[in-house]
Protein chains: 2
Amino acid sequence: MKKLATITCCAPGAPPLKPKEFESLSARFKAIADPTRLAIVNRLASRDAACVCEFNSLGLSQPTISHHLKVLREAGLIEVAYKRGTYFFYRLVPEAVEALAFALGGAPQPELVLATAEGTVAR
Amino acid sequence: MKKLATITCCAPGAPPLKPKEFESLSARFKAIADPTRLAIVNRLASRDAACVCEFNSLGLSQPTISHHLKVLREAGLIEVAYKRGTYFFYRLVPEAVEALAFALGGAPQPELVLATAEGTVAR
DNA sequence: TCCTTCCATCGATGATTGTCGATGTAACGT
DNA sequence: ACGTTACATCGACAATCATCGATGGAAGGA
């Protein structure tokens, strides 16, 4: 079972980090530090899963969307939920987003932990 | 009095955002999505304030450090705490970091709010 | 078997960004 | 007034990145 790193870096009182940790952390922040990828994540956040074709509405070419999905995938922020025919459905990886929030000093929200563990529905 | 935007974008259940909000949010994420700037923020997180000269130990030229400080300053993540002679002391802006954590779904930590209001010491 | 659709990968290109040396500016000491 | 120190700004350059058209592969339908 792979455990996500839970490093705090930027909140008041955060302990000093090592150079390698800055590298890996900033790499994951780079993944969301783009308007298009933020929009993709935002859409996935409000659905269980979304088809790739749904992102056509972002007004970018198909290869570009595919590129951004790859970046987010390699950062561990999203993953392929399932395929249906030639349609790919992506889903958010809440633990990964939460790990980034934690790095910035945000406390994990109890509902989110629950939602992650059970599989659905906070609120 | 300027109020910091408290937008949630990436946690499960986050509401859909507007294009402009993706722009401004990603702009602030870009600020911390760099190893050097992350190291700067990390150092400021463990001190009340730090002299610019202290960042020489990062192994970069003085203009480069100055550039990164500017990026962080314009993102609102840090600010000049005070000047003493020709020495500049920077300090973290905890509310700004917290706003980013909130955007990722992290709940604000009560201690941090306290620390911000009082001026010191969580834990 | 052939065609179509959905998505990934490749290669190229223009834009953004991190980095540095050179220069400017403000404050201090002599 | 002069030199020195700390920091900012400018200009240049190399590296990274977002974007697109072209191509490839997999799955389904006729």
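Not measured: the values here are computed from a predicted model. In what follows, chains are A, B, ... by sequence order, proteins preceding strands, each numbered from 1. No hydrogens, no waters, no symmetry mates; every other heavy atom, side chains included, goes into these values.
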Between [N] atom [atom2] and [X] atom [atom1], what is the distance in whole Å?
| X | N | atom1 | atom2 | answer |
| --- | --- | --- | --- | --- |
| A:E74 | D:dC17 | CD | C1' | 14 Å |
| A:E54 | C:dC7 | CD | P | 11 Å |
| A:L60 | D:dC17 | CG | C1' | 14 Å |
| B:I65 | D:dT9 | CD1 | P | 15 Å |
| A:F88 | C:dC7 | CZ | P | 7 Å |
| A:L38 | D:dA18 | CG | C1' | 15 Å |

OP1 or OP2 of [N] less than 4.0 angstrom from a side-chain nitrogen or oxygen of [X], does that happen here?
| X | N | value |
| --- | --- | --- |
| B:Y87 | C:dA26 | no |
| B:H68 | C:dT19 | yes |
| A:S66 | C:dA8 | yes |
| B:T86 | C:dA27 | no |

Check: Should B:L44 and B:F55 be marked as a side chain to side chain contact (heavy atoms under 4.5 Å, CB included) after you check the CA-CA gap, both sets of side-chain angles, and the distance that decides it?
Finding: CA-CA 10 Å; B:L44 290 179; B:F55 299 120; 4.1 Å; yes

Next item on the list: Find the distance between CD1 (A:I7) and NZ (A:K18) and round it off to the nearest 0.5 Å.
Entry: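 NZ of A:K18 is found 9.5 Å from CD1 of A:I7.
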
Next item on the list: Can you measure from CD1 (A:I78) to CD1 (A:I40) and round to the nearest 0.5 angstrom?
Entry: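 Rounded to the nearest 0.5 Å, the CD1-CD1 separation comes out at 6.5 Å.
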
Counting any heavy atom closer than 4.0 Å, what does [X] reach on the DNA or RNA strands: base, sugar-phosphate only, or nothing?
| X | value |
| --- | --- |
| B:H67 | base |
| A:F89 | nothing |
| B:R84 | nothing |
| A:K83 | nothing |
| B:F55 | nothing |

Item checked: Among C:dC10, C:dG21, C:dC7, the nucleotide that comes nearest once only the side chain of A:P63 is considered ->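 The closest nucleotide is C:dC10.
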
Notebook entry, point to check: Which one, D:dT9, D:dA18, D:dC7, comes nearest to the side chain of B:K70?
Noted result: D:dT9

Check: Would you say the side chain of A:Q62 and the base of C:dA8 hold a donor-acceptor pair, judged only by whether the two atoms sit under 3.5 Å apart?
Finding: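 Donor-acceptor pair under 3.5 Å: yes.
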
Check: Stepwise, does the side chain to side chain contact (heavy atoms under 4.5 Å, CB included) test hold for B:T64 with B:H68?
Finding: CA-CA 6 Å; B:T64 299; B:H68 287 306; 3.8 Å; yes

Check: Does B:R73 come within less than 4.0 Å of B:E79, counting only side-chain N to carboxylate O?
Finding: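 No, this pair does not count.
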
